[in-house]
Amino acid sequence: MKTRPQTSRPLARLRWIGLTLAALVIGAPEFAAAQTADGAMQISWEVRNRFRLFREERDFLLHTESLRAGGVLASEDALATQSDGRGWARNTVARLCIDPTGRVIEPCTRDGVKESYLTPTEHPVTVRLTGAIPVGATCAWTFDDGDGPRQSTLDCAEPINLRVRYGRATAATVDVSSGADPSQRVATQIEVRDIFIAGLGDSVASGEGNPDRPVALADDGFCFQSYLGGPAKQYYRPGRANFKGARACEGGDTSGTGLRSWQVLSAQWFNAACHRSLYSYQTRAALALAAQYQHIAVTYLPLACTGATINDGLFGSQKARECLFTRNAVTCAGTVNAQLSELRDALAAAKRRQPSRQLDLILLSVGANDIDFSGLVADVIVNGPTERALFRRSGVLGALDDSRATLQRDLPQRFGKMREALKPLVGGDLSRVVYVSYANPALLNGAPCPGGPAGFDIHPSFTADPGRLQRVTAYVQSEFLPRLRDLAQCQGGVLCRDPNGDRMTFVDQHQQAFANHGFCARGANDPDFDRQCFSAKGDSFTADLVDAPAAPMTCGRGASEFRAYLPRARWIRDANDSYFAAMTYPQGVSSSALPADIHDATWGVLSAVYGGAIHPTAEGHAAMADAALPAMAGVLGLGGAEPAVTREPLPLAPAVQR
């Protein structure tokens, strides 16, 4: 390979990283699609590993391949089946450019090359000649980004991998020679568009309910003590695999030794304090955008946090949901910084290094915690008289009248405050804020779920009260969701300073699909374990205290057979799912609600709900990502790729209520 003399500028801003036969496969369908109808030769190129959160290209290629079958939902189902329900993110989570504490790794080593994450200066691309190439033709390539040409001659069937400058075009020219025929010249411009996307919001935005690596379940039982009860009030549920501490309630464990051993075995999130998950619709939508458009790169900054409200979460700090436990260390953040402050700091740091750097898009879902949706859920599912009395006094149970008053009186003011804070971050154009609304979690065939203990018998005091459930479902459908649309789009009596520039891009197309996939949906193609072991009558767990320690499941199967990420009719995690997938021992609760030890009655309640009960599954998040993608592409002015289409998952028999 001929090269020009070395310049004084480091690597001349254009770094060659060699040729690879692997590039013959990588991106081949996209290159083939780029050929002209008449077969004329042209230069085609694509950015490699263009979802920049991923350090290794193999993780990105996993998604580009699965997304060829359809949208994000089809991709999720394919990957879930491929992993036998263990989930694709369980390995990827260890290979990110953001560490488990939420800190951006600067610089981040991606595919062996150190890069600035927030302010890239170059991008890896693969270039090839496509079309009617003469057999045995030789290609003389020239690439020039303004610092002088780089040249290489090789067989035209071979692709070229190189790194191109960000922020300026690289002229690509190839002279094609074949035998005695005169050479032909083909040229194009290579210029990568790096799109900076931030994700803000609450638990639905963060991906709550879908740990990147689910908790490993034991087949034997673990004892919980009920409130105000002696031995007769104990109950057993599956524990954590490989736990060496006491499984029985007697004596408790106040020393902390058992707790430390227990928490090392917890589910893993790419950020434990906020329960951020790679399965979140925000991450999946940003990833799918990168997969669909081969001339862009996506720099994604996830900041959403479970439990966030507009005041406590976006504008102010909030309590961390969970400590980060490893075999060698414990990191308990205590509080999580305000998301808007984190975003401003990231943008300021980026602009210091790259003054032209700007935020292109914000993905946002927030407001449910402001109207105390979790309190309404607790009011629906907590039915034990002792638990209801205790939780009412501690403010855990919500009331519809209080929620409705907040929705009408306080939420518009908070939205206005948020609107003014977001506007300067997106250049004064709030259409670049893509607000993705919630889905009603309790619908089947468009009607409210019937209620009952199915899906909630993980705790003896839980059952979905039919009357309260119907009232909350109607409130969400007819009042809360329409009000969010009005608030985001400055309509329905919502006054905005600039009705044109203050309207967010609003996404709610997924709500229709969720109307048949609420927490009560069941299908003939649900996983065998679910159909056999999660009882429609609410008797999934062994009540006999003699048998329960060895066999807590009445179906006779071990809890280790549960698969959190297999396709299901329900796109909403119920309480059983929450426990079996995450089994969270929370940190971010009031001191009065913090469990005294790992067998404590409070821990029994919180472990069943603080890991994502009544939150979308990975399939639900995928459907939300499919709905968001066309809106994102429209805001960004992207074209040339088919928009993602929300598809049903693997074929299901007609869903039935449980």
Side-chain angles (χ1 to χ4, degrees), residues 1-50 57 110-115 120-194 293-297 354 356 640:
M1 182 178 69
K2 299 178 181 179
T3 61
R4 63 178 173 84
Q6 185 72 29
T7 69
S8 60
R9 302 184 69 173
L11 300 180
R13 303 284 185 174
L14 183 65
R15 185 182 300 134
W16 293 80
I17 54 177
L19 308 175
T20 173
L21 291 176
L24 291 169
V25 177
I26 296 169
E30 289 85 348
F31 284 125
Q35 296 181 24
T36 57
D38 59 3
M41 289 186 295
Q42 66 174 11
I43 296 172
S44 296
W45 61 276
E46 71 166 336
V47 184
R48 298 183 60 178
N49 196 9
R50 50 191 178 267
E57 188 172 29
R110 302 181 68 245
D111 298 312
V113 179
K114 287 186 177 181
E115 300 177 359
T121 58
E122 57 184 21
H123 292 89
V125 301
T126 296
V127 185
R128 69 173 68 233
L129 186 66
T130 61
I133 305 170
V135 177
T138 299
C139 282
W141 290 93
T142 301
F143 299 96
D144 192 344
D145 65 358
D147 287 340
R150 294 276 180 126
Q151 297 176 332
S152 180
T153 300
L154 66 162
D155 190 292
C156 289
E158 297 290 337
I160 288 183
N161 291 334
L162 67 153
R163 298 181 72 86
V164 299
R165 287 277 303 274
Y166 175 54
R168 69 166 63 174
T170 295
T173 306
V174 60
D175 291 305
V176 183
S177 301
S178 177
D181 295 334
S183 64
Q184 302 178 61
R185 173 166 289 188
V186 184
T188 194
Q189 295 282 317
I190 299 173
E191 187 166 11
V192 178
R193 180 182 177 187
D194 194 284
Y293 296 92
Q294 64 189 40
H295 291 172
I296 70 169
Q354 204 172 79
S356 62

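Computed from heavy atoms alone, side chains included, the values below leave out hydrogens, waters and symmetry copies.
- Within the model, atoms OG1 of Thr170 and CZ of Arg150 stand 11.0 Å from one another, a figure rounded to the nearest 0.5 Å.
- Going from atom CD1 of Ile296 over to atom CG of Asp194 covers 8.5 Å, rounded to the nearest 0.5 Å.
- The main-chain N or O of Asn49 is found under 3.5 Å from a side-chain atom of Arg110 such that the two form a donor-acceptor pair.
- Here the straight-line distance linking atom CD1 of Ile190 with atom CZ of Phe143 works out to 5.5 Å at 0.5 Å rounding.
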Checklist entry - Can you list the steps and then say if Asp145 with Val164 is a side chain to side chain contact (heavy atoms under 4.5 Å, CB included)? => result CA-CA 8 Å; Asp145 65 358; Val164 299; over 6 Å; no
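- For the pair Thr126 and Arg48, the tightest heavy-atom approach, listed with the atom from each and the gap, is OG1-CD, 2.7 Å.
- Between Arg165 and Asp147 there is a salt bridge, with a side-chain nitrogen of the basic residue lying less than 4.0 Å from a carboxylate oxygen of the acidic one.
- Without hydrogens or angle criteria, Gln294 side chain to Trp45 main chain gives a donor-acceptor distance under 3.5 Å.
- Closest approach of Glu115 and Pro124 over heavy atoms only: OE2-CD, 4.3 Å.
- In plain terms, the two heavy atoms of Val192 and Ala297 that are nearest each other are CG1-N, 4.1 Å.
- Listed by first and then second residue, the side chain to side chain donor-acceptor pair (under 3.5 Å) pairs that reach into residues 173-187 are Asp175-Arg185, sequence neighbours excluded.
- When every heavy atom of Arg50 is checked against every heavy atom of Tyr293, the shortest pair comes out as NE-O, 3.2 Å.
- Pairs of residues two or more places apart, or lying in two chains, that qualify as disulfide (SG to SG under 2.5 Å) and include a residue from residues 154-194 are Cys139-Cys156.
- The distance from atom OG1 of Thr130 to atom CD of Gln42, rounded to the nearest 0.5 Å, is 4.5 Å.
- Here the shortest heavy-atom pairing between Val47 and His295 reads CG2-C, 3.9 Å.
- Within the structure, no pair that satisfies the ring pair (Phe, Tyr, Trp, His ring centres under 6.0 Å) test touches residues 169-192, not counting sequence neighbours.
- Residues Pro159 and Glu46 are not in side-chain contact: their nearest non-hydrogen atoms beyond the backbone lie 4.5 Å or more apart.
- In this structure, Gln354 contributes its side chain and Pro120 its backbone to a donor-acceptor pair below 3.5 Å.
- Between atom CD of residue Gln151 and atom CG of residue Asp144 there is a gap of 9.5 Å, rounded to the nearest 0.5 Å.
- Scanning for side chain to side chain contact (heavy atoms under 4.5 Å, CB included) contacts around Glu191 gives Ala169, with sequence neighbours left out.
- For the atom pair OG1 of Thr188 and CG of Leu129, the computed distance is 11.5 Å after rounding to the nearest 0.5 Å.
- The two residues Ser152 and Leu154 have their closest heavy-atom pair at OG-CD2, 3.8 Å.
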